[in-house]
Undergrad: 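Mind having a look at this structure? Questions to follow.
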Amino acid sequence: MLFATTSLAGRIDLAEARLCAAFAGIQGRRGLDAFVTPIGGTIAVYGSPNAPYNKLVGLGVAGDLQESALEQLEEEFRRRDAPLQVELSTLADPAVGSLLTRRGYVLVNFENVLGLALNGTFVEEAARRQADDQAKGIKVERVGPNEEAGWVDAMITAFAQADTFDGPASHETYSRETLERALSDQSQVDGSVRYLAYLDGALAGGGSARLEAGLAQLTGAATLPEHRRKGVQSAVLRTRLLDAAREGCDLATVTVQPGSKSMQNAQRAGFTLLYPRAVLLKKWS
């Protein structure tokens with residue numbers, strides 16, 4: 001079983017920060033007022049108004065945070081009239097949390113970071129189960145050159161009709177336009193791979209991942225409502241993990257809402273809870 005340390009949290013959180021920075025870089029190349037800046041051993045990111053990757057993750061696990069640097073960062077977000085969201089690991093230096101609350105950051109939610117070791121035992125078992133998926137009529141394939149628009153539409157349609165669950169709801173909501181832009185941009189992010197799933201030949205859902213330096217980040221998955229509870233989500237998860245292991249990744253991670261169906265599916269697949277993050281927000285009212 002994986003054991004979470006501050007070093008492991010640093011590896012995972014910094015990879016997420018770099019992923020967010022990649023999205024913001026795409027917006028910058030479009031001429032938007034995006035910025036990416038180092039702070040406290042990690043990276044703060046702003047891409048466009050209300051983008052899901054506008055955040056600061058990794059504080060307190062990879063370096064020291066200077067209050068003067070935080071003040072300068074806050075001014076950049078204030079100038080853009082954008083709230084500054086910090087996702088703070090429970091493995092971070094507690095002094096960072098004290099600084100943030102003293103400066104007016106408010107707790108708005110929690111999220112859980114789960115992990116799975118991609119070792120030989122996992123690959124052998126997952127390959128066997130993948131064969132079972134195919135026998136049930138579930139086929140998962142990487143998105144082809146002419147399938148990007150279909151993948152984006154399927155993902156958004158499924159996200160719009162999310163499963164209910166016995167846990168806290170997300171504090172975030174995004175317009176269809178914002179989601180379309182973010183999902184479409186995934187094709188330009190280095191290491192990103194996307195998948196479509198079919199059940200008996202019918203489009204049933206999809207998913208995505210990003211592979212970087214031996215780490216597989218699961219970056220979203222969704223099943224169309226009419227195909228839920230049939231093993232599609234598990235098959236998409238299994239395929240992403242097998243591909244990642246075969247491409248040299250030793251660890252897979254996923255960030256989920258506590259108590260969600262996504263968390264339940266990941267734990268069924270062998271993921272364990274590594275650490276929660278507190279989601280803190282500062283607004284400029």
Side-chain angles (χ1 to χ4, degrees), residues 9-10 12-89 92 96-97 99-111 113 152 156 159 170-192 208 210 212 217 219-220 255 257 277-285:
I12 295 168
D13 284 7
L14 289 178
E16 182 164 343
R18 289 191 293 270
L19 172 60
C20 294
F23 277 107
I26 295 168
Q27 303 309 315
R29 291 192 290 275
R30 289 180 175 140
L32 299 180
D33 188 23
F35 79 94
V36 175
T37 185
I39 180 172
T42 183
I43 309 168
V45 174
Y46 174 87
S48 60
N50 303 315
Y53 44 82
N54 293 347
K55 64 175 68 175
L56 173 54
V57 57
L59 283 180
V61 294
D64 295 328
L65 174 62
Q66 301 298 319
E67 188 165 4
S68 58
L70 184 59
E71 289 175 354
Q72 293 175 14
L73 177 65
E74 289 171 352
E75 184 56 37
E76 291 290 344
F77 275 78
R78 186 198 304 272
R79 184 171 67 79
R80 293 165 173 81
D81 195 27
L84 177 49
Q85 178 169 306
V86 177
E87 297 174 2
L88 187 67
S89 167
V96 173
L99 173 60
L100 294 173
T101 53
R102 189 170 72 246
R103 294 188 62 81
Y105 289 77
V106 176
L107 177 68
V108 295
N109 215 324
F110 296 96
E111 57 190 22
V113 178
V152 170
I156 291 178
F159 284 151
S170 173
H171 66 289
E172 299 170 312
T173 57
Y174 302 106
S175 68
R176 184 180 180 92
E177 179 184 8
T178 297
L179 288 175
E180 283 180 346
R181 185 183 305 115
L183 289 169
S184 297
D185 286 348
Q186 278 198 22
S187 63
Q188 301 180 52
V189 173
D190 288 344
S192 179
S208 62
R210 178 174 178 259
E212 183 205 69
Q217 299 168 278
T219 51
T255 302
Q257 192 69 20
R277 292 191 191 120
V279 182
L280 303 163
L281 200 66
K282 186 169 184 179
K283 296 184 178 180
W284 320 109
S285 57

Undergrad: Return the CG to CG distance between L70 and L100, rounded to the nearest 0.5 Å.
TA: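 Going from the CG atom of L70 to the CG atom of L100 covers 6.5 Å.
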Undergrad: Taking distance alone, no hydrogens or angles, what donor-acceptor pairs closer than 3.5 Å link side-chain atoms of residues 78-85 to residues at least two apart or in another chain?
TA:
| residue | atom | partner | partner atom | Å |
| --- | --- | --- | --- | --- |
| R78 | NE | E75 | OE1 | 3.4 |
| R79 | NH2 | E76 | OE1 | 3.3 |
| R80 | NE | D33 | O | 3.1 |
| R80 | NE | D33 | OD2 | 3.3 |
| R80 | NH1 | E76 | O | 3.0 |
| R80 | NH1 | E76 | OE1 | 2.7 |
| R80 | NH2 | D33 | OD1 | 3.0 |
| Q85 | OE1 | H171 | NE2 | 3.1 |
| Q85 | NE2 | E87 | OE2 | 2.8 |
| Q85 | NE2 | E172 | OE2 | 3.4 |

Undergrad: Between CZ of R181 and CD of Q27, what distance do you get to the nearest 0.5 Å?
TA: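 Here the rounded value is 6.5 Å.
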Undergrad: Working to the nearest 0.5 angstrom, can you tell me the gap between Q66 CD and L99 CG?
TA: 10.0 Å
Undergrad: Anything under 30° is parallel, anything over 60° is perpendicular, the rest tilted; go ahead and classify F35 against Y46.
TA: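 Aromatic pair F35/Y46 classed parallel.
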Undergrad: Would you give the length of the straight line joining atom CG of L59 to atom CD1 of I39, rounded to the nearest 0.5 angstrom?
TA: 6.0 Å
Undergrad: Just how far is it from atom OG of S184 to atom CD1 of I156, taken to the nearest 0.5 Å?
TA: 7.0 Å
Undergrad: Any chance you could measure L56, atom CG, to L280, atom CG, to the nearest 0.5 Å?
TA: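 Going from the CG atom of L56 to the CG atom of L280 covers 10.0 Å.
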Undergrad: Which heavy atom of V45 sits nearest to which heavy atom of A24, and what is that distance?
TA: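 Closest pair (atom of V45, atom of A24, distance): CG1-CB, 3.4 Å.
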Undergrad: Does atom CZ of F110 have more than 12 heavy-atom neighbours from other groups under 6.0 Å away?
TA: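 Open.
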Undergrad: Which word best sums up how the rings of Y53 and F23 line up, parallel for under 30°, tilted for 30 to 60°, or perpendicular for over 60°?
TA: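 Judged by the thresholds at 30° and 60°, the geometry between Y53 and F23 is parallel.
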Undergrad: List, one per line, each side-chain donor-acceptor pair under 3.5 Å for residues 14-22, sequence neighbours excluded.
TA:
| residue | atom | partner | partner atom | Å |
| --- | --- | --- | --- | --- |
| E16 | OE1 | R277 | NH1 | 3.2 |
| E16 | OE1 | R277 | NH2 | 3.0 |
| E16 | OE2 | K55 | NZ | 3.4 |
| R18 | NE | E212 | OE1 | 3.3 |
| R18 | NE | E212 | OE2 | 3.1 |
| R18 | NH2 | E212 | OE1 | 2.8 |

